[in-house]
Amino acid sequence: MMTALAQRIKETPMAPYTAILQSMTREQKQIVVTFITESMDEPKQKRQVPAEFKKLRGMVNITEEEIAQDEHLAHIMER
């Protein structure tokens with residue numbers, strides 16, 4: 001039995017597709033649900049680097065070994 005919220009699909013642009021949805025396999029429905037769920041995620045925005053910091057690029061030489069030895073530095077370098 002569908003909840004009242006699920007029944008409101010009839011009020012959405014998906015209403016014409018309810019018969020198709022009901023005839024789908026469980027796996028196919030899972031694919032659709034995953035697509036809809038992932039489409040609701042807000043895109044992650046990259047942090048803007050201030051111009052003052054951009055000027056500092058190339059002034060420091062950090063080796064891969066140093067990054068591997070320092071988890072905080074590794075986290076910073078991933079940005």
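Throughout, numbering of the chain's residues begins at 1 and tracks the sequence. Scope of the values below: all heavy atoms of this structure, side chains included, with no hydrogens, waters or symmetry mates. None of the values given here were measured: they were computed from a predicted structure.
Hydrophobic clustering (ILVMFWY, side-chain heavy atoms < 4.5 Å, transitive): Phe35 and Val32 are in one cluster. If you chain together hydrophobic residues whose side chains sit under 4.5 Å apart, Tyr17 and Val33 never meet in one group.
The closest side-chain heavy-atom distance from Gln30 to Thr34 is below 4.5 Å. Side chains of Leu21 and Met14 form a contact here, defined as non-hydrogen atoms less than 4.5 Å apart.
Here Glu71 contributes atom CD and His75 contributes atom NE2; the two are 10.0 Å apart, rounded to the nearest 0.5 Å. Between the CD1 atom of Ile31 and the OG1 atom of Thr25 there is a distance of 7.0 Å, given to the nearest 0.5 Å. To the nearest 0.5 Å, the span separating CD1 on Ile62 from CG on Leu73 amounts to 5.0 Å.
Gln7 pairs by the side-chain contact (heavy atoms from CB on, under 4.5 Å) definition with Met2, not counting sequence neighbours. With sequence neighbours excluded, no residue satisfies side-chain contact (heavy atoms from CB on, under 4.5 Å) with Ala19.
Although no hydrogens or angles enter the test, the distance criterion places no donor-acceptor pair under 3.5 Å between the side chain of Gln69 and the main chain of Glu66.
When all heavy atoms are compared, the tightest approach of Pro13 to Pro16 is O-CD, 3.2 Å. Summarising the geometry of Lys29 relative to Met24, their closest heavy-atom pair is CE-O, 3.4 Å, with the distance given to 0.1 Å.
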